[in-house]
Engineer: 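The structure's right below; bear with me while I get my questions together.
Nothing here was measured: the structure is a model prediction, and the numbers come from that model. FYI, the numbering just counts along the sequence from 1.
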Amino acid sequence: MNNKNDNRNIKTMTSDPSLKRTSKFLSLVLRHQPQQLGLDMDDAGWVAVDRLVANAQRAGHPLTLELLRQIVAQSDKQRFAFSEDGLRIRANQGHSVPVDLQLAPVLPPDWLYHGTAAGRVAAILQEGLQKQRRHHVHLSEDREVALAVGRRYGPPVLLLVDSRRMAADGHTFFRSDNGVWLVEAVPPAYLRQL
Ligand code: HQG
């Protein structure tokens with residue numbers, strides 16, 4: 001098979017609506033509502049793959065092990081990960097259910113970015129960035145990624161975070177397995193609108 005045909009046969013998250021739909025469903029179940037499928041989630045956010053597939057199918061969702069593997073391999077943001085033995089799966093970040101991802105504190109780069117909607121900037125510059133319903137404030141090393149995150153809620157605005165000074169002042173940073181920087185909060189003194 002030549003390259004052209006190969007490319008045509010590769011399904012990607014962005015080109016395949018059924019993969020995207022299933023990925024959104026997985027985000028819901030693995031970050032926010034494991035109880036919706038009657039799943040036991042352990043303290044670190046893992047659920048059993050066979051239970052996930054069986055319970056999803058029983059609830060009418062067309063989930064298969066093959067589809068799960070495709071999503072884990074192709075998710076543009078590496079949202080999900082299998083355990084080393086392949087028996088469990090979890091979301092890499094973004095939870096609202098109480099999980100401890102057991103991430104080790106890491107020193108951040110000097111600067112990080114946060115994208116938000118224009119309508120939220122005034123409140124953020126006054127109160128700082130707060131984690132809302134997630135476990136952390138999410139920050140990125142990449143301006144474009146941050147802008148894309150902000151764009152989900154309206155015309156985006158880019159904020160610059162003085163992460164070097166925050167770390168020097170004792171704020172703890174974590175980095176999820178898919179490269180998202182996580183911190184409890186960002187006080188206004190470390191924020192600048194770009
Ligand atoms: C805003 C996506 C008013 C904050 C992305 C954001 C990300 C405030 C919203 C991940 C505020 C929270 C997270 C304050 C913060 N006043 N608004 N004081 N402090 N906000 O969705 O960072 O696609 O919980 O600016 O890639 O937007 O789901 O956080 O607009 O990594 O995999 O409150 O979600 O990943 O919104 O996005 P979110 P986020 P997935």
Side-chain angles (χ1 to χ4, degrees), residues 1 3 5-109 112 115 131-142 144-146 148-149 152 172-184:
M1 208 187 282
N3 269 344
N5 282 338
D6 277 353
N7 287 341
R8 205 164 45 207
N9 286 334
I10 293 173
K11 289 183 177 175
T12 63
M13 294 283 296
T14 39
S15 70
D16 186 329
S18 81
L19 280 191
K20 197 164 180 182
R21 217 170 24 244
T22 306
S23 173
K24 286 196 174 227
F25 172 68
L26 277 181
S27 284
L28 178 73
V29 169
L30 295 178
R31 291 171 171 176
H32 308 299
Q33 295 181 15
Q35 74 281 7
Q36 194 191 99
L37 290 183
L39 293 170
D40 291 327
M41 182 176 277
D42 76 9
D43 294 345
W46 297 105
V47 306
V49 170
D50 54 356
R51 287 291 300 274
L52 171 63
V53 171
N55 291 13
Q57 287 180 358
R58 200 171 308 134
H61 299 277
L63 190 65
T64 59
L65 183 55
E66 180 52 33
L67 205 50
L68 266 189
R69 288 196 177 125
Q70 245 177 305
I71 288 168
V72 170
Q74 297 181 8
S75 167
D76 48 355
K77 290 186 186 163
Q78 295 289 301
R79 291 187 176 88
F80 314 103
F82 286 117
S83 55
E84 268 175 30
D85 59 11
L87 296 178
R88 296 174 303 157
I89 186 169
R90 76 175 179 183
N92 278 326
Q93 35 71 221
H95 300 79
S96 60
V97 288
V99 293
D100 177 2
L101 295 175
Q102 293 159 347
L103 298 173
V106 213
L107 268 186
L112 287 168
K131 57 190 179 176
Q132 315 295 350
R133 69 185 192 124
R134 303 196 196 240
H135 291 191
H136 297 95
V137 168
H138 289 216
L139 305 172
S140 176
E141 288 171 36
D142 185 303
E144 293 308 317
V145 169
V149 171
R152 294 177 306 151
T172 305
F173 286 78
F174 304 92
R175 192 172 179 275
S176 72
D177 288 345
N178 59 338
V180 177
W181 284 93
L182 305 167
V183 67
E184 181 69 23

Engineer: Have a look at V47 and tell me which of L37, V29, I89 forms a side chain to side chain contact (heavy atoms under 4.5 Å, CB included) with it.
Structural biologist: I89
Engineer: Starting at CG of L19, measure out to CD of Q70 and round the result to the nearest 0.5 Å.
Structural biologist: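 If I round to the nearest 0.5 Å, the distance is 5.0 Å.
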Engineer: Which residues pass the side-chain hydrogen bond (donor to acceptor under 3.5 Å, both in side chains) test with S176, sequence neighbours left out?
Structural biologist: N178
Engineer: With a 4.5 Å heavy-atom cut-off, do R134 and L182 have their side chains touching?
Structural biologist: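 SC-SC contact between R134 and L182 ruled out.
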Engineer: For residues 35-56, pull every pair meeting side-chain hydrogen bond (donor to acceptor under 3.5 Å, both in side chains), keeping only residues two or more places apart or in separate chains.
Structural biologist: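 Applying side-chain hydrogen bond (donor to acceptor under 3.5 Å, both in side chains) to every pair that reaches into residues 35-56, excluding sequence neighbours, yields Q33-Q36, D42-R88.
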Engineer: For F80, what residues pass the ring-ring contact (aromatic ring centres under 6.0 Å, His included) criterion, not counting sequence neighbours?
Structural biologist: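 If we apply the ring-ring contact (aromatic ring centres under 6.0 Å, His included) test to F80, skipping adjacent residues, there are no hits.
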Engineer: With sequence neighbours excluded, give me every salt bridge (Lys or Arg N to Asp or Glu O under 4.0 Å) pair touching residues 54-64.
Structural biologist: none
Engineer: If you take all heavy atoms of P98 and H135, which pair is closest and at what distance?
Structural biologist: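 What the structure gives for the nearest pair is CA-CE1, 3.7 Å.
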Engineer: Can you list the residues that meet the side-chain hydrogen bond (donor to acceptor under 3.5 Å, both in side chains) rule with T172, with sequence neighbours excluded?
Structural biologist: none
Engineer: Side chains of F173 and V183, heavy atoms from C-beta outward: is any pair under 4.5 Å?
Structural biologist: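 In short, these two side chains touch, coming nearer than 4.5 Å.
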Engineer: Could you grab the distance from atom NE2 of H136 to atom CG of L101, nearest 0.5 Å is fine?
Structural biologist: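 Output value for this atom pair is 8.0 Å.
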Engineer: Quick check for you: to the nearest 0.5 Å, what is the distance between R175 atom CZ and N92 atom CG?
Structural biologist: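 These two atoms lie 11.0 Å from each other.
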Engineer: Please report the interatomic distance CZ(R79) to NZ(K24), rounded to the nearest 0.5 Å.
Structural biologist: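 Output value for this atom pair is 8.0 Å.
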Engineer: Got a sec, which residues hit side-chain contact (heavy atoms from CB on, under 4.5 Å) with L65, two or more places apart in sequence or on another chain?
Structural biologist: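 Testing L65 for side-chain contact (heavy atoms from CB on, under 4.5 Å), a comparison that skips the adjacent residues, returns V49, R69.
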Engineer: For residues 93-103, pull every pair meeting salt bridge (Lys or Arg N to Asp or Glu O under 4.0 Å), keeping only residues two or more places apart or in separate chains.
Structural biologist: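 Pairs touching residues 93-103 that pass the test: none.
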Engineer: Quick one: side-chain contact (heavy atoms from CB on, under 4.5 Å) partners of P34, sequence neighbours excluded?
Structural biologist: L39, M41, V97
Engineer: Mind checking ring-ring contact (aromatic ring centres under 6.0 Å, His included) for H95 and listing every partner two or more places apart, or none if nothing turns up?
Structural biologist: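 Counting only residues at least two positions away or on another chain, H95 forms no ring-ring contact (aromatic ring centres under 6.0 Å, His included).
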Engineer: Please find the pair of heavy atoms, one from H32 and one from G94, that lie closest to each other, and give the distance.
Structural biologist: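 Nearest heavy atoms, H32 then G94: CE1-O, 3.4 Å.
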Engineer: Output all residues satisfying ring-ring contact (aromatic ring centres under 6.0 Å, His included) with H61, sequence neighbours left out; order by chain, then residue number.
Structural biologist: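 Once residues adjacent in sequence are excluded, the partners of H61 under the ring-ring contact (aromatic ring centres under 6.0 Å, His included) criterion are F25.
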Engineer: Taking side-chain hydrogen bond (donor to acceptor under 3.5 Å, both in side chains) as the test, write out the residues that go with E184, two or more places apart.
Structural biologist: K131
Engineer: Restricting to non-hydrogen atoms, name the atom on V72 and the atom on A81 that form the minimum distance, rounded to 0.1 Å.
Structural biologist: CG1-CA, 4.4 Å
Engineer: Taking atom CZ of R133 as the centre, does the number of heavy atoms from other residues, nucleotides or ligands within less than 6.0 Å exceed 12?
Structural biologist: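 At most 12 heavy atoms, drawn from other residues, nucleotides or ligands, come within 6.0 Å of this atom.
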Engineer: Go through it in stages, so that I can follow the logic: the residues are S83 and D85, the test is side-chain hydrogen bond (donor to acceptor under 3.5 Å, both in side chains), and I'd like the CA-CA distance, side-chain angles, deciding distance and then a yes or no.
Structural biologist: CA-CA 5 Å; S83 55; D85 59 11; 2.6 Å; yes
Engineer: Would you mind reporting whether L68 and L26 have side-chain heavy atoms less than 4.5 Å apart?
Structural biologist: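 Yes, their side chains come closer than 4.5 Å.
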Engineer: Tell me if a side-chain donor or acceptor on R31 pairs with a main-chain N or O of Q93 at a distance below 3.5 Å.
Structural biologist: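 Side chain of R31 to backbone of Q93, a donor-acceptor pair under 3.5 Å: yes, one is there.
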Engineer: Could you pull out the closest heavy-atom pair between D177 and R90, with the gap in Å?
Structural biologist: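 Closest approach of D177 to R90: OD2-NH2, 3.8 Å.
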Engineer: Report the residues that fulfil side-chain hydrogen bond (donor to acceptor under 3.5 Å, both in side chains) with E144, sequence neighbours left out, ordered by chain and then residue number.
Structural biologist: none
